[in-house]
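Since we're looking at a predicted model, the values are computed, not measured.
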Amino acid sequence: MKIFNLSILFCCLLTTHLMAQKGEEVKINIKADQAGVKIDKNIYGHFAEHLGRCIYGGFYVGEDSKIPNTAGVRNDVVEALKELKIPNLRWPGGCFADTYHWQDGIGPKGERPTIVNKWWGGVTEDNSFGTHDFLNMCELLDTEPYLSANVGSGTVQEVADWAQYVTHDGVSPMTKLRLENGREKPWEVKFWGIGNEAWGCGGNMTPEYYADVYRRYVTFMPGGLFRIASGASSGDYNWTEVLMKNIPNNMIEGMALHHYSVIDWSNKGPASTFSEEHYFKIMKEALKMEELVEKHSEIMDKYDPENKIALVVDEWGGWYDVEPGTNPGFLYQQNTMRDAMIAGTTLNVFNNHAKRVKMANLAQAINVLQAVILTDEEKMILTPTYWVMKMYNVHQDADLLPIEMNQKYYAFGEDKLPAISASASKDGEGNIHISVVNIDAHKANDVTFNLEGVNLKNVTAQILTSDQLQDHNTFEQPEKIKPAEFKKFKSKKGEITMSLPPFSVVVFEIK
Ligand code: AHR
């Protein structure tokens, strides 16, 4: 009897194994009637640091520039980012934030002091882009500002004054100064980061020490803000544990996490002339986001069972060697279909973990790391990552639909990675959106969505793909990669079936 049972078990295991290996298709069951958690639009946030050509040349060219601008901010960039519906923008860093003294960046531009940008190329920062420039730009972009306060080299008073300067509505020393600088009304600034990477460039602190510093800083800030603690680097779970334990829940709204997809910090590999081995390694790093989010959330669940504190992944993306001939401190890299794969899979992870992940910031918006926009003087191009962000913005503030799926694998050498990633949501008008990614570098994969009970009369889809993984847009060929209509699917009786091309991102809309 025992032998019989074992042989049945073995037989079943073997069948499941073969299905997963050879398996005809990946089946994705989408529970369209089980909408629950909202996908916070802030998951689709961006990041603008005083680093390389992100601010200067990227966002800001100055009012006297021949490049069309509004108060010095490029009009083409504003238009492109508004199309993306960016929900929030983090500034002024990154590492730069902990060297930034906000009072240097207010008042007449010609009289502003300069500083050396210690972290990024040692260049002179003339402070011509400061608090007013940034916050007015956010109004132009219709996005919420996320200010990163200087904890590493600043003072508690400085941060308290900054918060009063930008948010206080009434008479105060800081509002008087704000008025003298031309702004009467306060801006709406809810999101505040209390330092950045406190374990590293933000001051090389221990988590125990930083937790105390954090408590001290927020004590002197105005009430009603969304305060984000400088969080862990990738798998440093102890950092999250110590902070969650030592910071009372009523003093914190967000816990940050940074995770970059990088092969090896001392040999990161090229951005566009990479090998398949590089691609595989980067995707392995990118897919780690799932485990990171789960494990950091588990720790947060322990100390915050009511799920009030958000996990804020305020730096993520691919990090490669800079483009040959460019300043190594400027982190300028091209953006290929590989980056589209990172963006598509990572955003699916965030969507699927929307219960705890309520905010995230791609690093960075323009000309730095995994940028959505690249500029060269008056020219501007949109990267494959831009198009993924655009295709996915339908998920913003929509209700997450739970999914269940089996998997097929993308194998390289002895190793393998799950090939298919997906997430689904239902928006306020009842439209369902499903984003699905096939990271396999060579193979198309058959995928079926099971959407029992959903009327599939009106289904459309957009695809982002290209001939080569290394393909990218250039200033000479700016539209090599852009979304196209995807028609190669069939829908009937509650199912949508398709063959998903290698390294492609597809977003379906069911109206
Ligand atoms: O995004 C570039 C840098 O990466 C940021 O300044 C820092 O926070 C991180 O180490």
Side-chain angles (χ1 to χ4, degrees), residues 44-94 96 105-106 109-110 112 117 120-121 123-147 182-183 187 317 323 326-327 330-335 339 361-390 393 472-479 481-482:
Y44 291 81
H46 289 265
F47 175 28
E49 181 164 10
H50 285 239
L51 192 179
R53 294 185 301 112
C54 185
I55 296 294
Y56 301 110
F59 279 98
Y60 184 76
V61 285
E63 285 173 48
D64 298 334
S65 170
K66 62 178 190 327
I67 299 171
N69 67 82
T70 305
V73 176
R74 297 176 69 126
N75 293 344
D76 51 358
V77 160
V78 171
E79 204 183 307
L81 292 179
K82 280 188 87 163
E83 279 285 306
L84 273 195
K85 300 199 176 121
I86 69 165
N88 71 75
L89 186 59
R90 180 173 183 244
W91 177 82
F96 180 78
I106 57 170
K109 298 208 173 195
R112 295 184 187 175
N117 193 332
W120 308 118
V123 294
T124 304
E125 165 62 55
D126 69 2
N127 281 304
S128 57
F129 187 87
T131 297
H132 289 246
D133 306 274
F134 175 70
L135 296 177
N136 292 344
M137 181 175 90
C138 286
E139 288 182 341
L140 210 58
L141 290 168
D142 199 15
T143 194
E144 279 202 66
Y146 167 12
L147 293 180
R183 173 87 182 197
W187 292 274
E323 290 304 315
T326 65
N327 187 328
F330 281 14
L331 311 186
Y332 176 71
Q333 63 190 39
Q334 248 300 353
N335 193 292
D339 297 278
N361 301 78
L362 173 66
Q364 298 194 6
I366 310 180
N367 294 331
V368 171
L369 300 178
Q370 192 175 338
V372 288
I373 290 175
L374 301 177
T375 65
D376 178 11
E377 298 293 338
E378 74 289 355
K379 290 184 239 155
M380 179 194 87
I381 55 174
L382 307 174
T383 66
T385 302
Y386 175 94
W387 291 118
V388 175
M389 281 278 186
K390 173 100 174 24
N393 72 13
H472 53 276
N473 292 334
T474 62
F475 294 100
E476 293 69 41
Q477 209 182 344
E479 299 205 346
I481 297 171
K482 64 176 187 180

Could you work out, with side chain to side chain donor-acceptor pair (under 3.5 Å) as the rule, every residue matching [X], not counting sequence neighbours?
X: Glu378; result: none
X: Ser128; result: Asp126
X: His472; result: none
X: Tyr44; result: Asn351

field: Derivation of the side-chain contact (heavy atoms from CB on, under 4.5 Å) call for Tyr56 and Glu125
entry: CA-CA 10 Å; Tyr56 301 110; Glu125 165 62 55; 2.6 Å; yes

So, do [X] and [Y] sit near enough that their side-chain heavy atoms are less than 4.5 Å apart?
X: His46; Y: Asn361; answer: no
X: Pro384; Y: Ile481; answer: yes
X: Thr383; Y: Ile373; answer: no
X: Tyr386; Y: Ile381; answer: no
X: Glu49; Y: Trp91; answer: no
X: Met137; Y: Thr143; answer: no

Rounded to the nearest 0.5 Å, what separates atom [atom1] in [X] from atom [atom2] in [Y]?
X: Asn88; Y: Tyr146; atom1: CG; atom2: OH; result: 8.5 Å
X: Asn473; Y: Leu374; atom1: CG; atom2: CG; result: 9.0 Å
X: Asn367; Y: Arg53; atom1: CG; atom2: CZ; result: 4.0 Å
X: Leu135; Y: Leu140; atom1: CG; atom2: CG; result: 12.5 Å
X: Gln334; Y: Thr474; atom1: CD; atom2: OG1; result: 7.5 Å
X: Leu51; Y: Leu369; atom1: CG; atom2: CG; result: 7.0 Å

Considering non-hydrogen atoms only, spot the tightest contact between [X] and [Y] and give its length.
X: Cys54; Y: Ala48; answer: SG-CA, 3.7 Å
X: Ala365; Y: Ala371; answer: O-CB, 3.5 Å
X: Met380; Y: Leu382; answer: CE-CD2, 3.8 Å
X: Pro87; Y: Gly45; answer: CG-N, 3.9 Å

- request: For Ser65 and Gly62, indicate whether the former's side chain and the latter's backbone hold a donor-acceptor pair under 3.5 Å.
  value: no

task: Without swapping roles, check the side chain of Gln370 against the backbone of Asp339 for a donor-acceptor pair under 3.5 Å.
output: yes

- request: Please name the residue in the list Thr375, Leu89, Asn69 that meets the side chain to side chain contact (heavy atoms under 4.5 Å, CB included) test with Phe59.
  value: Leu89

For Val77, the option from Leu81, Asn75, Val73 that meets side chain to side chain contact (heavy atoms under 4.5 Å, CB included): Leu81

Partners meeting ring-ring contact (aromatic ring centres under 6.0 Å, His included) with [X] (sequence neighbours left out):
X: Trp387; result: none
X: Tyr60; result: Phe129
X: Phe330; result: none
X: Phe47; result: none

Arg183: partners by side chain to side chain contact (heavy atoms under 4.5 Å, CB included), with sequence neighbours left out: His132, Asn136, Glu139, Arg178, Lys185, Trp187

- request: Applying side chain to side chain contact (heavy atoms under 4.5 Å, CB included), name anything that partners Asn117, two or more places apart in sequence or on another chain.
  value: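 Listed in chain order: His50, Phe96, Trp119, Trp120, Val123.
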
message: Assess the residue pair Thr385 and Asn335 against the criterion (side-chain hydrogen bond (donor to acceptor under 3.5 Å, both in side chains)); give the C-alpha distance rounded to whole Å, side-chain angles, the decisive distance to 0.1 Å, and a yes or no.
response: CA-CA 7 Å; Thr385 302; Asn335 193 292; 2.9 Å; yes

message: Taking atom NZ as the centre, does Lys482 end up with more than 12 heavy-atom neighbours from other residues, nucleotides or ligands that are less than 6.0 angstrom away?
response: no

query: Please, which pairs that meet salt bridge (charged side-chain N to carboxylate O under 4.0 Å, His left out) have at least one residue in residues 67-84, sequence neighbours excluded?
result: Arg74-Asp76, Glu83-Lys390

- prompt: Who pairs with Glu476 by salt bridge (Lys or Arg N to Asp or Glu O under 4.0 Å), at least two apart in sequence or on another chain?
  reply: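 Glu476 satisfies salt bridge (Lys or Arg N to Asp or Glu O under 4.0 Å) with no other residue.
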
- request: List the steps and the verdict of side-chain contact (heavy atoms from CB on, under 4.5 Å) for Lys66 and Asp64.
  value: CA-CA 7 Å; Lys66 62 178 190 327; Asp64 298 334; over 6 Å; no

